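Remarks on the structure that follows.
Model, not experiment: these values are computed from the prediction. In this chain, numbering begins with 1 at the start of the sequence shown.
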Amino acid sequence: MEIRTDKRIVNYIKRKIRDSRNVVAVLGIEMLVEGGGCDLDSNDENYRVEEEYGFCPEDMLSTSFFNAKVEKFYRFYKKEILGMQMHSTAAYDALIQLQRRGKLSAVICQNFHGIPQDVKLRNVIDLNGSININQCPHCDKEFSIEYIIHSRGIPQCDHCKVAIRPGIRLIGERVDTKLMTQAAMVCDEADVLLILGKNMYNDRLEYSAAPEHEQLKVLFTKNDFERNSKVDFIIRDDICEFLPLIIN
């Protein structure tokens, strides 16, 4: 596949990564899609989901919907969220290469699905929670994702007989302050910040660095209308095509 980005930009980013000691990757929706998931926020998916469930994904992934319509929430959640089959890509391989070279200091995941199981990345910050964490709101007992998937109807705590709470941040809930502080700190300290796709939420993690700290910010997005003055470059190419190119 031919790269759309100007070769001078490619070479500039590649040189910056080569000279960097501290790279941070922020994983967004595009990484999820390239790894086998789907963007439920796209127009096509919004329409399909609303036709099937009577509500849009944003409504069903809200805390108010979970509290009021938990049975319908789990019907959607099991099929559409837990049903995504995620796999590794060349982009993950490139991040692992960076990690082996001692350059990748942290990975911030903005998606529910986290990192594919066969991808061994360290210092991963699951900013919006994880589908792998499920807990009873009464006794705090934890349940596996397999327990949720194979439960009939509403997954319930086998002790308290109440609906299990998925470990994702539902829309309307605040980001965990500790996680946000940790994510903001590693972003601030990075020499190179690779923003690999848009956030699944409208509220974005702000990317900033101290005035005396030179930092390269690169945003990967397929949105041709994206205009972001806070980044140095916007890349429209596939992440799994572009990332190996600038790391090898």
### Query
Does the side chain of Ile164 come within less than 4.5 Å of Ile148's, by heavy atoms?
yes
### Query
Quick one: are Val49 and Phe55 in side-chain contact, heavy atoms under 4.5 Å?
no
### Query
Atom CG in Leu219, atom NZ in Lys230: separation rounded to 0.5 Å?
12.0 Å
### Nearest atoms (heavy-atom pairs only) where His87 meets Pro116
O-CG, 3.7 Å
### Message
Looking at every non-hydrogen atom in both residues, tell me the closest pair between Thr89 and Glu34 and how far apart they are.
### Response
CG2-O, 3.3 Å
### Task
Identify which one of Lys14, Lys103, Gln97 satisfies the side chain to side chain contact (heavy atoms under 4.5 Å, CB included) criterion when paired with Ile247.
Gln97
### Query
When you check the side-chain N and O atoms of Asp237 and Thr5, is any donor under 3.5 Å from an acceptor?
yes
### Query
Do Phe143 and Cys157 come close enough that some side-chain heavy atom pair is under 4.5 Å?
yes
### Query
So which heavy atom on Lys72 is nearest to which on Tyr53, and how close?
NZ-O, 3.7 Å
### Query
What heavy-atom pair brings Val23 and Ser20 nearest, and what distance separates the two atoms?
CG2-OG, 3.6 Å
### Message
Side chains of Cys109 and Ile125, heavy atoms from C-beta outward: is any pair under 4.5 Å?
### Response
no
### Query
Which atom pair, heavy atoms only, marks the closest approach of Lys78 to Pro155?
CE-CG, 3.9 Å
### Message
For the CG atom on Asp44, are there more than 12 heavy atoms of other groups (residues, nucleotides or ligands in this structure) within a distance under 6.0 Å?
### Response
no
### Summary
In Val231, Ile108, Val24, Val218, the residue satisfying side chain to side chain contact (heavy atoms under 4.5 Å, CB included) with Ile195 is Val231
### Message
Measuring only between side-chain heavy atoms, which start at C-beta, is Lys16 closer than 4.5 Å to Glu214?
### Response
yes
### Message
Does any part of the side chain of Asp126, heavy atoms only, come nearer than 4.5 Å to the side chain of Val124, both counted from C-beta?
### Response
yes
### Message
Assess whether a salt bridge exists between Lys178 and Asp176, defined as any Lys/Arg side-chain N lying under 4.0 Å from an Asp/Glu carboxylate O.
### Response
no
### Query
What are the two closest heavy atoms between His138 and Cys160, and how far apart are they?
CB-SG, 3.9 Å
### Message
Under 4.0 Å between a side-chain nitrogen and a carboxylate oxygen: does that hold for Glu52 and Arg48?
### Response
yes
### Message
Is it the case that over 12 heavy atoms from other parts of the model lie below 6.0 angstrom from the OH atom of Tyr147?
### Response
yes
### Query
Has Asp118 got more than 12 heavy atoms of other residues, nucleotides or ligands less than 6.0 Å from its CG?
yes
### Message
What I'd like to find out is whether the side chain of Asp39 reaches to under 4.5 Å of the side chain of Lys198, using heavy atoms alone.
### Response
yes
### Message
Both conditions, 6.0 Å and 45 degrees, for the charged tip of Arg165 above the ring of Phe66: are they met here?
### Response
yes
### Query
CD1 of Ile81 to CZ of Phe73: how many Å apart, nearest 0.5 Å?
8.0 Å
### Query
Does a side-chain heavy-atom distance below 4.5 Å link Val162 with Gln156?
no
